[in-house]
Structures are given as C-alpha cells and as structure tokens.
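To keep things clear, I will list the structure first and then write my remarks on it.
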Amino acid sequence: MSRQLNMDTVRQNFWKEEYLREKMLRCEWHHKYGSMVKAKQKAKAAARLPLKLPTLPPKAPLCPPPAPKELPSKAPSPALEAPIQSEMYPVLPATRALLYEGISHDFQGRYRYLNTRKLDMPEMRYLFPITTNFTYGWQLGPPVKQELVSCKMCRIESFFRKNGAFALLDPQDLAL
C-alpha cells in the first residue's frame with residue numbers, strides 16, 4: 001500500500017516556511033529566556049544538595065589556672081560562696097515547711113504551699129516586675145470588696161458601654 005503524497009510545490013513551500021518560523025521562534029525564546037531558566041535550574045539543584053556546615057578546628061585544651069598560694073584555711077561561709085541571682089525574695093521558713101507536709105492529692109504539700117504563696121502580693125514575692133503584665137498588678141494594694149447595687153437596672157447601666165461598641169471611650173466610662 002503506497003502512501004499518497006499530495007504535495008505540490010505550494011504545499012511544500014508552506015511546510016518549509018512553517019518549520020523555519022517555528023525554529024526562529026524557539027531560537028528567539030531561548031535567546032530571551034534561556035539564562036533565567038538555567039539560573040532556576042541551578043538554584044533547584046543547589047537546594048537539593050545537603051547543607052554542608054564548615055568544620056571548626058579543635059580548640060586547644062585550656063591550661064588549668066596556677067595554684068594559689070596557700071593561705072591560712074578559713075571555713076568558708078555558705079553565704080559568701082556564690083551569691084544566687086534570683087528575681088524572687090526568699091520564702092519564709094514557715095511557708096517552705098508547707099511543702100513537706102502531706103501530698104497535693106489531699107490538698108496539702110505543694111498544693112497548700114502554692115496557694116499560700118499566691119495570697120502574697122507580687123511586691124512581697126518578686127524584687128521587680130519580671131514581665132510587662134506584672135505592671136498591671138504591681139502595688140495595687142489589698143483587694144477592695146465592693147458592694148453590689150441592689151437595683152438590676154443600675155448594674156446593667158453601669159456595665160454596658162453607653163456610646164456603643166466601637167465609639168471612642170468617654171472619660172467618664174474609664175475607671176482608673
């Protein structure tokens with residue numbers, strides 16, 4: 001079975017021109033975008049390689065300090081050995097003793113110790129405010145118990161904001 005070649009010179013010239021036009025388009029595209037494609041391929045290949053960290057040279061062992069001259073031996077006091085840097089005041093011995101009395105399951109031991117510590121004001125426990133949230137409760141004094149107003153409408157009017165949810169705050173609404 002022979003193949004029919006319906007090719008005359010016009011059709012042959014059409015395909016020749018089409019082929020050359022596609023070839024020119026590919027060359028132009030490669031000339032315009034080829035460097036970007038190669039850069040992306042190199043970046044992807046570099047990302048696939050494992051990160052190799054530089055090796056550090058081994059440090060020379062430190063020489064021990066020279067032995068101090070012998071001084072008359074004194075019994076070192078425990079307070080002078082190493083000052084402990086703490087942000088909290090030391091706990092009273094009576095409060096610390098609560099740790100060793102019973103277990104937390106029976107509401108004793110650690111549970112009772114923490115509840116007792118919680119009752120102290122922050123100024124009595126900490127030397128200074130550690131976080132910015134501490135400043136809200138710092139030096140407030142003992143809590144003041146306020147009597148509830150018996151009138152329900154008075155409570156509702158004092159609880160809800162009078163200007164709406166997104167309005168600017170009225171200075172009368174702010175409690176300092």
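One is the number of the first residue; the rest follow in order along the sequence.
- Under 3.5 Å, the side chains of Lys16 and Asn13 contain no donor-acceptor pair of N or O atoms.
- Counting non-hydrogen atoms of other residues, nucleotides and ligands closer than 6.0 Å to CE of Met24 gives a total of 12 or fewer.
- Hydrophobic clustering (ILVMFWY, side-chain heavy atoms < 4.5 Å, transitive): Leu114 and Leu99 are in one cluster.
- Centroid-to-centroid, the aromatic rings of Phe134 and Tyr126 come within less than 6.0 Å.
- The CD atom of Glu18 sits 14.5 Å away from the NZ atom of Lys23 when rounded to the nearest 0.5 Å.
- For the atom pair Arg26 CZ and His30 NE2, the distance stands at 12.5 Å (nearest 0.5 Å).
- Phe107 CZ: 12 or fewer foreign heavy atoms inside a 6.0 Å radius.
- Here CD of Glu28 is found 11.0 Å from OH of Tyr33. Values are rounded to the nearest 0.5 Å.
- Residues Glu101 and Arg112 approach most closely at OE1-NH1, 3.9 Å, considering heavy atoms.
- From Ile103, atom CD1 reaches atom CZ of Arg110 across 13.5 Å, with rounding to the nearest 0.5 Å.
- Open room surrounds CZ on Arg11; 12 or fewer heavy atoms of other groups in view lie less than 6.0 Å from it.
- Among residues two or more places apart in sequence or in another chain, the side-chain contact (heavy atoms from CB on, under 4.5 Å) test is passed with Val91 by Thr95, Arg96, Tyr113, Arg117.
- Contacts of Leu119 classified as side-chain contact (heavy atoms from CB on, under 4.5 Å), with partners at least two apart in sequence or in another chain: none.
- Met7 belongs to a hydrophobic cluster with Phe14, Trp15, counting contacts under 4.5 Å between side-chain heavy atoms of Ile, Leu, Val, Met, Phe, Trp and Tyr, direct or through other members.
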(message) Would Lys44 and Arg48 count as a side chain to side chain contact (heavy atoms under 4.5 Å, CB included) here? Give the steps.
(response) CA-CA 6 Å; Lys44 283 184 182 179; Arg48 275 187 250 130; 3.9 Å; yes
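- Atom OH of Tyr89 sits about 12.5 Å away from atom CG of Asp120, to the nearest 0.5 Å.
- Summarising the geometry, atom CD belonging to Gln108 is positioned 12.5 Å from atom CG belonging to Asn115; distances are rounded to the nearest 0.5 Å.
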(request) Could you please spell out the steps behind the side chain to side chain contact (heavy atoms under 4.5 Å, CB included) verdict for Tyr111 and Thr116? (result) CA-CA 9 Å; Tyr111 177 84; Thr116 307; over 6 Å; no
